[in-house]
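To start, the structure under review is shown below, and the notes come after it.
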Amino acid sequence: MNIFEEYLNIIRNLILKNQKSLKIKNLNEFKGVIVEIPPSEFDYELSCNICLILGKINKINPKQLAKEVKDLIKNHLKEFSKVDVAGPGFLNLKLSNKSLIQNINNILENKSTYGKKKSNNKYNIEFVSANPTGPMHVGHCRGAIYGDVLANLLRFNGNQVTKEYYINDYGTQIVNFVKSVFLRIREIKFNEKFVVNKDLYPGDYIISIGQKIISLNKAQKFENFENSFEFLKKEALKHSMELIKSDLRKLGIVHDKFFSESELVRNKKVDKAIDQLKDSNYVLNGYLQPPKGEKNKNWKKIERLIFKSTLFGDDTDRAIQKDDGSWTYFANDIAYHMDKVERKYNYLVNVLGADHTGYIKRIEAAVSALSQNKVKLNCKVCQLVKLYKNGEPFKMSKRAGDFISADDLLKEVSKDALRFMMLNRSNDVELDFDFNKVLEKNKENPVFYVQYSFARISSILRTLNKSLEEKIVIDPSQFETNDFEIRIIKKVFEWPKIIETSSTKYEPHRIPYYLYELATLFHSYWSKGNEDKKYRIIENGKIKNTGTLATIILTSIVLQRGMSILGVSLPDKM
RNA sequence: GCGCCCUUAGCUCAGUUGGAUAGAGCAUCGGUUUUCUAAACCGAGGGUCGUAGGUUCGAAUCCUUCAGGGCGCGCCA
């Protein structure tokens, strides 16, 4: 249920019926016509721009048209108690008491689905996919939380969503990683000094992985690297993925599927995918131009297999074979995405870090090529997280081994605070994450502020000896509302719109912003009671009237829906 | 050189399928507590929406120019 669509339909039908007398011909399917909430200084619940749009198309003065439509509404629609023309031709509409109550009752009866934008598609969201060479760091957290909340949001709307993690367990970085583990094991067992160089991973977690492997495999000798490699690779990856999964669990994230890159290679999926592209002439033998950026010493002009990604909007064609004829990372990724296409998703989403922006066009091109343009891959980029503490920026370079891990972060900051803060910004702007701020328990920390509003509501309900689970139906004869309540109810009516925009644009950050605004309205109402007794929610241990009760229940419903999509807890006492 | 993202109040940011007087938080200044949780609230000041053009009844939002900042530009993963 969405009251905006509901009333838009009613107005639309009225205008269609009276098309002739209004002298409207070109209706253009009412494109761009919406019903929304007017700016707060207006005492109306709804506002419609239909006359602005139709006026423009039909070359009628929008204000004039609005006057005529206003009369029509007054004479024919009993849903509204007041209609007025405002500004350049907006129609402002006040709901009749009956309609208002009806809408409120609708929400009360459908608590758990309030705001749901019904949809039944199959989504695959690939996110995190951090290299299995070490634990997650702060940068990964942002993408992880973004992807997870996107999944929650799409599931809330009724979609089937697979949360997927691509394990890059193939290639030279894995060799280097395994070598690092091997050398650490040698260090532990044989006292050979671990000499850091730029290809090795220096972090302490390598030592713990080494220790685990030693204690679980007493018989192993670890004599030389080549002979131990296959065994060690398997073991080391198992432990490092365990680290990552444990970090994810601490963030409240559980993936549905882990997809291994080396499996792809072993199952010859890559050959299959490339053959398919060869058949459509998207892959051919050829030469590439030298790269345009910084000079690359290793670049060689050699004939090799090339994917014609320029046919799908990429800037240049891309190599899928290395000098020695083996597949590039991209070739493997093509195969991976062929697999996703074969699994028949309606929508594919990849959540990437800012440093992978340059990769987007080619992989989207690959999906278009593989699916004959039937499946659209949407890559969403999360910009950098800049970590601050005591005014000092924290460095996060994995190479140097001094990165801030997700685990370290979570030792200081709660999962709730981290999730909320990471979402409290549009994904395509950089995010300053301030430790100190997140630890505060006041208005400056939005997660506490929102949680606190719910705690206050719960406190009211405790006083009243009522529970949120109780069925509440409004008795129209006792229904009264004050300014503060109407403001909150209007905000609550806005919720479905927030869900719609967040999910269609993949912009979950709108939810925390909205919840903060709702919490503000509630705190404001609450405090008004301290100043002026007639605004007290409770009088002599009893709720003032059903309008008041409805207001706080509605607020709590939306807070609960919102926070559960964000994956942030909502304690009833603080 | 090229691609993507960003530029809105002193600071950090919302707001862009064109709409009403551009909004929050922080900071600054001034107020509120015999109470349902002051972990809160109220008020004030603060703006050429980076620049210059264009499109139109109307632009922070769309188009073009320029400037500034970030990320990336392997046949690494």
Side-chain angles (χ1 to χ4, degrees), chain A residues 31-32 34 38-42 47 49 52-53 55-56 61-63 86-90 92 131 133 168-174 261 288 290-294 296-302 304 306 314-316 318-324 326 328-330 332-333 353-361 381 383-384 386 424-432 434 437 440-446 448-449 451-453 455-464 504-505 509-510 512-514 516-517 520 522-531 533 536-539 541 543 552 573-574:
Chain A
K31 197 168 173 244
I34 53 166
S40 54
E41 61 269 25
F42 294 97
S47 156
N49 65 349
L52 291 166
I53 305 257
K56 182 176 189 166
N61 182 330
K63 268 192 157 170
F90 285 101
N92 283 333
N131 283 331
T133 50
N168 300 130
D169 53 1
Y170 187 83
T172 48
Q173 60 167 4
I174 294 299
E261 182 181 0
L288 286 175
K292 292 272 161 51
E294 270 178 53
N296 187 328
K297 288 170 245 157
N298 300 328
W299 188 83
K300 287 175 198 154
K301 185 162 184 170
I302 291 177
R304 69 183 78 240
I306 285 167
D314 198 1
D315 310 314
T316 169
R318 304 291 173 175
I320 53 179
Q321 260 182 329
K322 301 188 203 169
D323 293 345
D324 63 2
S326 64
T328 59
Y329 172 82
F330 179 48
N332 294 350
D333 215 12
D355 51 343
H356 291 88
T357 338
Y359 192 71
I360 295 177
K361 282 187 183 173
V381 170
Q383 291 296 327
L384 295 179
K386 287 197 267 180
N424 201 26
R425 197 109 309 174
S426 155
N427 59 289
D428 46 30
V429 306
E430 286 186 7
L431 184 146
D432 292 343
D434 195 322
K437 203 168 177 173
E440 279 174 28
K441 296 187 173 184
N442 57 36
K443 196 177 177 176
E444 222 184 309
N445 182 357
F448 277 98
Y449 186 75
Q451 286 175 323
Y452 187 45
S453 66
R456 280 181 153 174
I457 290 177
S458 306
S459 152
I460 293 172
L461 294 173
R462 273 193 300 273
T463 310
L464 293 173
T504 56
K505 299 176 94 170
H509 72 275
R510 290 164 189 273
Y513 273 97
Y514 168 86
Y516 189 89
E517 287 165 9
T520 302
F522 178 77
H523 285 307
S524 173
Y525 180 25
W526 175 286
S527 304
K528 185 71 181 173
N530 292 337
E531 187 185 308
K533 276 204 175 140
R536 297 280 302 244
I537 294 167
I538 292 176
E539 268 171 350
I543 194 88
I552 65 166
K573 247 182 211 172
M574 289 180 77

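What you see is a predicted model, and the numbers here were worked out from it, not measured in a lab.
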For the [atom1] atoms, the ones on [N] and on [M], what distance do you get once it is rounded to whole angstrom?
N	M	atom1	result
rG74(B)	rC13(B)	P	30 Å
rU33(B)	rC41(B)	C1'	11 Å
rG43(B)	rU61(B)	P	31 Å
rA60(B)	rG50(B)	P	10 Å
rC26(B)	rC66(B)	C1'	33 Å
rC11(B)	rC49(B)	P	16 Å
rG10(B)	rC29(B)	C1'	14 Å
rC62(B)	rU17(B)	C1'	10 Å

Side-chain ion pair, K528(A) and E531(A), N-O less than 4.0 Å: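 Looking at K528(A) and E531(A), the cut-off is met.
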Inspect the contact between R425(A) and D432(A) and indicate whether a charged nitrogen and a carboxylate oxygen are less than 4.0 angstrom apart. no
Residue mapping more 5' on RNA chain B - nearest nucleotide basis, W299(A) or T357(A): T357(A)
Residue whose nearest RNA chain B nucleotide is more 5′ - Y452(A) or H356(A):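 Taking each residue's closest nucleotide, the earlier one in sequence belongs to Y452(A).
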Separation between CZ of F330(A) and OH of Y359(A), rounded to the nearest 0.5 Å: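 Those atoms lie 5.5 Å apart.
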Given Watson-Crick and G-U pairs under 3.5 Å, RNA chain B in dot-bracket ([ ] crossing, | other strand) is (((((((..((((.....[...)))).(((((.......))))).....(.(((..]....))).))))))))....
Taking the minimum atom-to-atom distance to the side chain of [X], which one of [options] wins?
X	options	answer
Y516(A)	rC57(B), rA40(B), rA24(B)	rA24(B)
Q173(A)	rA20(B), rA40(B), rA77(B)	rA77(B)
N530(A)	rA77(B), rG70(B), rC36(B)	rC36(B)
E430(A)	rG70(B), rC36(B), rC41(B)	rG70(B)
I34(A)	rU17(B), rU34(B), rA39(B)	rU17(B)
F90(A)	rC5(B), rG19(B), rA77(B)	rG19(B)
D432(A)	rU35(B), rC13(B), rA77(B)	rC13(B)
V429(A)	rU17(B), rG19(B), rC13(B)	rC13(B)
W526(A)	rU35(B), rA39(B), rA38(B)	rA38(B)
R510(A)	rA40(B), rU16(B), rA20(B)	rU16(B)

Below the 4.0 Å mark, does [N] have OP1 or OP2 next to a side-chain nitrogen or oxygen of [X]?
X	N	result
R456(A)	rA38(B)	yes
T316(A)	rC73(B)	no
K443(A)	rG25(B)	yes
Y514(A)	rG23(B)	no
K441(A)	rA38(B)	no

If you look at every strand shown and take non-hydrogen atoms under 4.0 Å, does [X] touch a base, only sugar-phosphate, or nothing?
X	answer
R425(A)	sugar-phosphate
E531(A)	nothing
A86(A)	base
A455(A)	base
I320(A)	nothing
Q321(A)	sugar-phosphate
Y359(A)	base
N92(A)	base
H509(A)	sugar-phosphate
E440(A)	nothing
K361(A)	sugar-phosphate
F42(A)	base
F448(A)	nothing
K63(A)	nothing

Compare all side-chain heavy atoms of [X] with those of [Y] and state whether any distance is below 4.5 angstrom.
X	Y	answer
Y449(A)	E444(A)	no
E539(A)	K533(A)	no
I53(A)	I34(A)	no
F522(A)	R456(A)	yes

Go through the steps for N131(A) and Q173(A) under the test side-chain contact (heavy atoms from CB on, under 4.5 Å), then give the verdict. CA-CA 9 Å; N131(A) 283 331; Q173(A) 60 167 4; 3.1 Å; yes
After noting the C-alpha distance and the side-chain angles of T357(A) and I360(A), does the key distance pass the side-chain contact (heavy atoms from CB on, under 4.5 Å) rule? CA-CA 6 Å; T357(A) 338; I360(A) 295 177; 4.1 Å; yes
Verdict with reasoning, N332(A) to E261(A), per side chain to side chain donor-acceptor pair (under 3.5 Å): CA-CA 7 Å; N332(A) 294 350; E261(A) 182 181 0; 2.8 Å; yes
For the backbone of S524(A) and the side chain of S527(A), can you confirm whether one donor and one acceptor N or O come within less than 3.5 Å of each other? no
Is K386(A) side chain donor-acceptor paired with the rG70(B) base, going by distance under 3.5 Å alone?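 For K386(A), whose side chain was compared with the base of rG70(B), there is no donor-acceptor pair (under 3.5 Å).
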Do the side chain of T328(A) and the base of rA77(B) come within less than 3.5 angstrom through a donor-acceptor pair of N or O atoms?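 Between rA77(B) and T328(A), which were checked side chain against base, a qualifying N/O pair under 3.5 Å is absent.
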